[in-house]
Amino acid sequence: MKNLVTGGAGFLGINLIKKLIEKGEEVICLDNLSTSTEQNISGFIYNRNFKFIKQNVITPLDIKIDRIWHLACPASPLHYLKDPIETSKIIFHGTYNLLNLAQKQNAKFLFASSSEIYGESTKLPQLESDIGKVNPTGKRSCYREGKRLAESLCCDFYRTFQTDIRIARIFNTYGPYMLKNDGRVISNFIDQAINNEPITINGNGLQTRSFCFVDDLIKGLIKLMDSTYKKPINLGNNEEITIFSLADKIKNKINSNSVLINNPISEDDLMKRNPNIQLAKNLLAWEPKVSLEEGLDITIEYFKRIKEN
Ligand code: UDP
């Protein structure tokens with residue numbers, strides 16, 4: 001089985017590639033290293049089943065391939081807001097180019113969509129049938145509307161050419177290989193706590209999120225790719241926690257001297273995000289297994305290790 005993983009050097013990509021290589025599969029990693037490091041893939045470069053192509057997904061690609069895992073896109077607001085026009089281009093042109101490749105090669109195609117497509121919808125927990133509520137002209141629209149357009153493109157390729165698509169709506173995920181300066185809450189808090197720097201809580205910290213450990217998420221993606229389901233499906237963990245409790249938990253686990261401080265909260269920050277994962281349970285026989293306690297311990301160990309190196 002020959003796999004193309006776009007964004008393969010990034011957080012989800014590298015965790016997926018590890019699993020595929022463990023299974024003895026061939027992997028081509030496509031990444032322009034804009035929000036990832038070459039160090040992430042250094043462990044694979046001498047593996048004969050691994051090949052790296054340094055290229056942006058905006059440039060079309062023509063290779064023989066059986067499965068395409070299309071993950072490439074800056075995913076943290078810190079990165080995708082640096083150049084929002086480029087973000088829109090990456091999402092549209094990248095998805096278009098890779099869908100064309102999937103159609104030409106008769107390959108299976110999995111698109112990494114996002115819980116961001118639900119926008120400010122207040123229906124909770126979020127269900128696949130919820131069509132969302134997204135501001136088309138806001139700062140984050142490049143990403144939110146981009147992912148919505150990309151889902152639409154996948155469905156049109158399926159309706160027009162019967163391209164073998166899958167759409168995963170990925171909720172907050174964390175774990176090893178996150179960049180410490182990714183700007184996401186778990187990587188920020190762990191990095192701050194390890195360095196005894198103030199832990200930056202946006203707003204009063206009463207907003208909640210549900211965090212999925214990356215190993216669980218990758219298992220979900222693999223199960224989805226192995227299925228024949230063509231419509232969007234939520235993948236995430238539904239164990240909810242306030243951002244304040246998360247900060248407190250991480251500080252205690254690290255035994256840190258950090259103080260908790262409150263920063264202003266941005267207007268598009270959501271008060272709650274929680275996936276309904278019943279569809280994934282029924283269709284894929286998938287559900288997250290790793291608790292937040294366990295997952296945080298593994299992630300903290302990872303951050304401590306990379307700090308020493
Ligand atoms: N957050 C925070 N401090 C940080 C980074 C994030 O309090 O240093 C908050 C952020 O405002 C949001 C939550 O943590 O309410 C989750 O943020 P993240 O960017 O990880 O994910 P998303 O907002 O996309 O769910």
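One is the number of the first residue; the rest follow in order along the sequence.
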Query raised in the report: Is it true that a side-chain atom of D66 and a backbone atom of K2 form a donor plus acceptor pair closer than 3.5 Å?
Result: yes
Query raised in the report: Between R67 and D226, does at least one N-O distance fall below 4.0 Å, as a salt bridge requires?
Result: yes
Query raised in the report: Could R144 and E120 be called an ion pair, given the rule that one side-chain N must be under 4.0 Å from one carboxylate O?
Result: yes
Report task. Check whether any side-chain N or O of K180 sits under 3.5 Å from a backbone N or O of D191 as a donor-acceptor pair, and report yes or no. Result -> no
Requested in this report: Over all heavy atoms of both residues, which pair between S36 and A9 is shortest? Give the atoms and the distance, please.
Outcome: CB-O, 3.2 Å
Requested in this report: First locate atom SG of C154, then atom CG of L110, and finally report the distance between them rounded to the nearest 0.5 Å.
Outcome: 9.0 Å
**Report entry** Backbone of S227 reached by a side-chain donor or acceptor of R166 within 3.5 Å
**Finding:** yes
Requested in this report: Apply salt bridge (Lys or Arg N to Asp or Glu O under 4.0 Å) to R140 and D269, showing your working.
Outcome: CA-CA 10 Å; R140 290 190 180 209; D269 205 310; 5.4 Å; no
Query raised in the report: Is there a side chain to side chain contact (heavy atoms under 4.5 Å, CB included) between N237 and L292 once you walk through the steps?
Result: CA-CA 9 Å; N237 192 317; L292 185 62; over 6 Å; no
Query raised in the report: Checking W286 side chain against D216 main chain: does a donor-acceptor pair fall under 3.5 Å?
Result: yes
Report task. Check whether any side-chain heavy atom of Q55 sits under 4.5 Å from a side-chain heavy atom of L61, and report yes or no. Result -> yes
Report task. Check the pair F157, Q103 against side chain to side chain contact (heavy atoms under 4.5 Å, CB included), reporting the backbone distance first and the verdict last. Result -> CA-CA 8 Å; F157 263 76; Q103 190 226 336; 4.3 Å; yes
Query raised in the report: When rounded to the nearest 0.5 angstrom, what is the spacing between CG in N32 and CD1 in I90?
Result: 6.5 Å
Query raised in the report: Is the side chain of K251 donor-acceptor paired with the backbone N or O of S258 at a distance under 3.5 Å, no angle test?
Result: yes
Query - K18, NZ: over 12 other non-hydrogen atoms inside 6.0 angstrom - result: no
Query - L99 and H70: CA distance, side-chain angles, deciding distance, side chain to side chain contact (heavy atoms under 4.5 Å, CB included) verdict - result: CA-CA 9 Å; L99 279 164; H70 180 34; over 6 Å; no
Query raised in the report: Nearest heavy-atom pair of N238 and P275: which atoms, and what distance?
Result: CB-O, 3.5 Å
Query - Interatomic distance, K147 atom NZ to F111 atom CZ [nearest 0.5 angstrom] - result: 4.0 Å
Report summary line: Heavy-atom closest pair (V134 atom, Y118 atom, distance to 0.1 Å) is CG2-C, 4.2 Å
**Report entry** ILVMFWY network linking L81 to F92, side-chain heavy atoms under 4.5 angstrom
**Finding:** no
Query raised in the report: Can a donor-acceptor pair be found between the side chains of N188 and Q192 at a distance below 3.5 Å?
Result: no
Query raised in the report: With no hydrogens and no angle check, is any side-chain donor or acceptor of R184 less than 3.5 Å from a backbone partner on Y174?
Result: no
Query raised in the report: At their closest point, which heavy atom of P74 faces which heavy atom of Y143, and how far apart are they?
Result: O-CE1, 3.4 Å
Report summary line: dist I65:CD1 -> E26:CD (nearest 0.5 Å) comes out at 8.0 Å
Query - Pair K19 + E25, salt bridge at N-O below 4.0 Å - result: no
Query raised in the report: Is there a path of hydrophobic side-chain contacts, each under 4.5 Å between heavy atoms of I, L, V, M, F, W or Y residues, that connects Y80 with L78?
Result: no
Query raised in the report: So does D156 pair up with R159, basic N to acidic O under 4.0 Å?
Result: yes
Query raised in the report: Just wondering, do M178 and F303 contact through their side chains at under 4.5 Å, heavy atoms?
Result: yes
Query raised in the report: Considering only heavy atoms from C-beta outward, does the side chain of D31 approach that of I41 to under 4.5 Å?
Result: no
Report task. With S210 as reference, evaluate R273, E240, E239 under the side chain to side chain contact (heavy atoms under 4.5 Å, CB included) test and give the passing residue. Result -> E240
Requested in this report: Look only at the side chain of N234 and the backbone of N276, and say whether a donor-acceptor pair between them is shorter than 3.5 Å.
Outcome: yes
Report task. Using a 4.5 Å cut-off on heavy atoms from C-beta on, say whether the side chain of I53 contacts that of I28. Result -> yes
**Report entry** Audit row: T35, S76, side chain to side chain contact (heavy atoms under 4.5 Å, CB included) steps and yes/no
**Finding:** CA-CA 9 Å; T35 55; S76 162; over 6 Å; no
Query raised in the report: Is a donor on one side and an acceptor on the other found under 3.5 Å between the side chain of D248 and the backbone of F244?
Result: no
Query raised in the report: Mind checking whether V214 and Y177 have side chains closer than 4.5 Å, heavy atoms only?
Result: no
Query - Polar side-chain atom of T173 near backbone of F171 as donor-acceptor pair, under 3.5 Å - result: yes
**Report entry** Residues E293 and K253 bridged, charged N to O under 4.0 Å
**Finding:** yes
**Report entry** NZ/NE/NH1/NH2 to OD/OE distance under 4.0 Å, D62 and K104
**Finding:** yes
Report task. Determine, using the 4.5 Å side-chain heavy-atom cutoff (strictly less than), whether L20 and L235 are members of one ILVMFWY cluster. Result -> yes
Query raised in the report: How about K281: does its NZ atom have over 12 heavy atoms from other parts shown lying under 6.0 Å from it?
Result: yes
Query raised in the report: Counting distance only, does the side-chain N/O of N15 pair as donor-acceptor with the main-chain N or O of P176 below 3.5 Å?
Result: yes
Query raised in the report: Once you round to the nearest 0.5 Å, how far does CD1 of I233 lie from CD of Q278?
Result: 10.5 Å
Report task. Begin from the C-alpha positions of S187 and D182 and carry the test side chain to side chain donor-acceptor pair (under 3.5 Å) through to its verdict. Result -> CA-CA 7 Å; S187 44; D182 189 47; 4.5 Å; no
Query raised in the report: Should L279 and I277 be counted in the same cluster of Ile, Leu, Val, Met, Phe, Trp and Tyr side chains packed under 4.5 Å apart?
Result: yes
Query - Test: E145 and R148 ion pair at under 4.0 Å - result: yes
Query - Spacing of F52 atom CZ and I45 atom CD1 [to the nearest 0.5 Å] - result: 10.0 Å
Query raised in the report: Under a 4.5 Å cut-off applied to non-hydrogen side-chain atoms, are C29 and F50 in contact?
Result: yes
Query - I14 to N40 - nearest heavy-atom pair and separation - result: CD1-O, 3.3 Å
Requested in this report: For side chain to side chain donor-acceptor pair (under 3.5 Å), just list the numbers for N202 and T200, CA-CA rounded to whole Å, side-chain angles, deciding distance to a tenth of an Å, and then say yes or no.
Outcome: CA-CA 6 Å; N202 296 342; T200 53; 5.2 Å; no
Query raised in the report: Any link between Y302 and F44 through a network of hydrophobic side chains (Ile, Leu, Val, Met, Phe, Trp, Tyr) touching at under 4.5 Å?
Result: yes
**Report entry** For I265 against Q207, the heavy-atom pair lying closest together
**Finding:** CD1-NE2, 3.6 Å
Query raised in the report: Given side chains that start at C-beta, do those of N56 and E86 come closer than 4.5 Å, heavy atoms only?
Result: yes
Query raised in the report: So do the side chains of I300 and F189 get within less than 4.5 Å of each other, counting heavy atoms only?
Result: no
